[in-house]
Amino acid sequence: MESKLQPQVRVRFAPSPTGHPHLGNIRTALFNWLFARHHGGKFILRIEDTDIARKVEGAVDVILDSLRWLGLDWDEGPYFQSQRLYYYHEISNSLLKDGYAYLCYCSPQRLEAMRQEQMKRKQPPKYDGHCRYLTQQGKTQLEASGIVPVVRFKMPLEGETTFHDVIRGQLTFQNSTLDDFILLKSDGYPTYHLANVVDDHLMAISHILRADEWLPSVPRHVLLYQSLNWEPPQFAHLPMILGPDRSKLSKRHGATTAIEYKEQGYLPEAMINFLALLGWSLDDRTELLSREELIKHFSLGRISKTAAIFDKRKLEWMNGVYLRRLSPEEFARQSAPFLDRDLPPKVKRPLDTDYVCRITPLLQERAKTLAEVPQLADFFFLDELPYDTSLLLSGGLDATQAIKIALQRLEVVKTWDAGSLEGILRPLATELKLTTGKFFGLLRVAITGRTAAPPLFQTMAVLGKERCLKRLSTALGKLATPTIINY
Ligand code: GLU
């Protein structure tokens, strides 16, 4: 069963399927993956599914989907701890045999009463060691009673446990503050502590990179390694991720699960770049780094000790940069499923691919996410634009007159492209003694139903003559109908 620690870098991502992986989990996966790829090592995926009560249906699929979406490919696994119970039992038995563990028969009621008592006395909750000191006679009686015991680790009563963390440096814990934690539960499943240590050893993990919320577990693990005469891997605990207000990351700061970002139209490359900078940096300045550059430069030495701040605006900005870097064809290809998903139901499906390919280049400069594309583009697809007539009047010019003349001039246009349209409408503004800002602003409202839209002439060119003329006529119709303007 012993497997030797190999000199090769072997790291693991070991999520528990208790929910959809959040950004912190995926940042952990990414750092492990980058470290493995940088060193030509192995990235192992291990599902820690030993907490039956907290298991969430479908969570494993979402974990795998999140990793696949981001291109974090694994070299081994997924291993499932629930399928490895044999190993944990064997190790637990050997700890019992060697006197490092003992059977505990305490009932949940007794443990609860003990906890209450400790709370009353303002003591930290800690198992009182009742079963550690059972007499042989007591043990025999309890065994005969049919109670299924748990296995607890026999924590040294004094002394301290010291270990080195690559990021945090040397850390020391007093053994007396740690309790006789459970190794094997009465349902036959191991606890996180036992399964995690056994697997890290058996899978010859060289480095443990994980969130620093696990730091308090390390002294327990180190003592387990010592009892088993195993060499512990190197530890590197990653800094927390906080919101801009320095509170724990939550929904309030934006989506928290990684897969939601996929649904919201973030590109995996932007996400990788962004997550890599949550706690790691190349030089405190460089913001944009490709996957290859990250692999090349990633090092544990540049991971910070202090918490990383999650800034949604920075992610949006970065995603916009990556979106603009796509070729127009690729941007159209990636936008298509979002248009299909989010355009109003009244827009006929399937969408016309050629039309989509002509629309999306006009939006590539403006979209920060792919999910914004349908909102930015819906006026290209709708037959009726739901805008308020007051928008046509907001320029303070004779809108009816201006649109009427524009319509007359456009009706006779033969070549309907952006250049020709500009060649007609720009001089018309002068002729009408209107600023281009006001005149084009009015046409923009009539053509798109909004005041901010992609460049007017290109938009009109893509919409085509028929749609544009119809929209101008509709605007005239709206102007002819009195509206109530609320001031
Ligand atoms: N199963 C733990 C988790 O869900 C793994 C912690 C570790 O990496 O040791 O995060």
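Start at 1 and go down the list; that is how both ligands and their atoms are numbered. Quantities reported herein were computed from a predicted structural model and do not represent experimental measurements.
The nearest protein atom to atom 8 (O) of ligand 1, hydrogens excluded, is given as Arg12 NH1, 2.7 Å; this is a heavy-atom distance. Looking at atom 7 (C) of ligand 1, its nearest protein heavy atom turns out to be Arg210 CD, 3.3 Å. In terms of protein heavy-atom proximity, atom 10 (O) of ligand 1 is closest to Trp214 CZ2, 3.4 Å. When hydrogens are left out, the protein atom nearest atom 5 (C) of ligand 1 is Ala14 O, 3.1 Å; that is the closest non-hydrogen contact.
Using a 30° and 60° split on the angle between ring planes, His193 and Phe181 fall in the perpendicular class, above 60°. Phe235 and His237 have parallel rings, their planes meeting at less than 30° on a 0 to 90° scale where 60° marks the start of perpendicular.
Near Asn196, the atoms of ligand 1 lying under 4.0 angstrom from a non-hydrogen atom of the residue are 7 (C), 9 (O). When each atom of ligand 1 is checked for a heavy atom of Ser16 under 4.0 Å away, the hits are 1 (N), 2 (C), 3 (C), 4 (O). Distances below 4.0 Å separate heavy atoms of Glu48 from the following atoms of ligand 1: 1 (N), 2 (C), 5 (C).
Between Glu76 and the options Arg12, Arg10, Arg46, a side chain to side chain donor-acceptor pair (under 3.5 Å) holds for only Arg10. The side chain to side chain donor-acceptor pair (under 3.5 Å) test with Asp180 singles out one residue from Arg152, Lys126, Arg132, Lys154, and that residue is Arg132. Checking each of Asn273, Thr369, Leu323 against Leu267 for a side-chain contact (heavy atoms from CB on, under 4.5 Å) leaves exactly one that passes, namely Leu323.
The shortest heavy-atom distance from Tyr192 to ligand 1 is under 4.0 Å.
Aromatic ring centroids of Tyr266 and Trp69 lie 6.0 Å or more apart.
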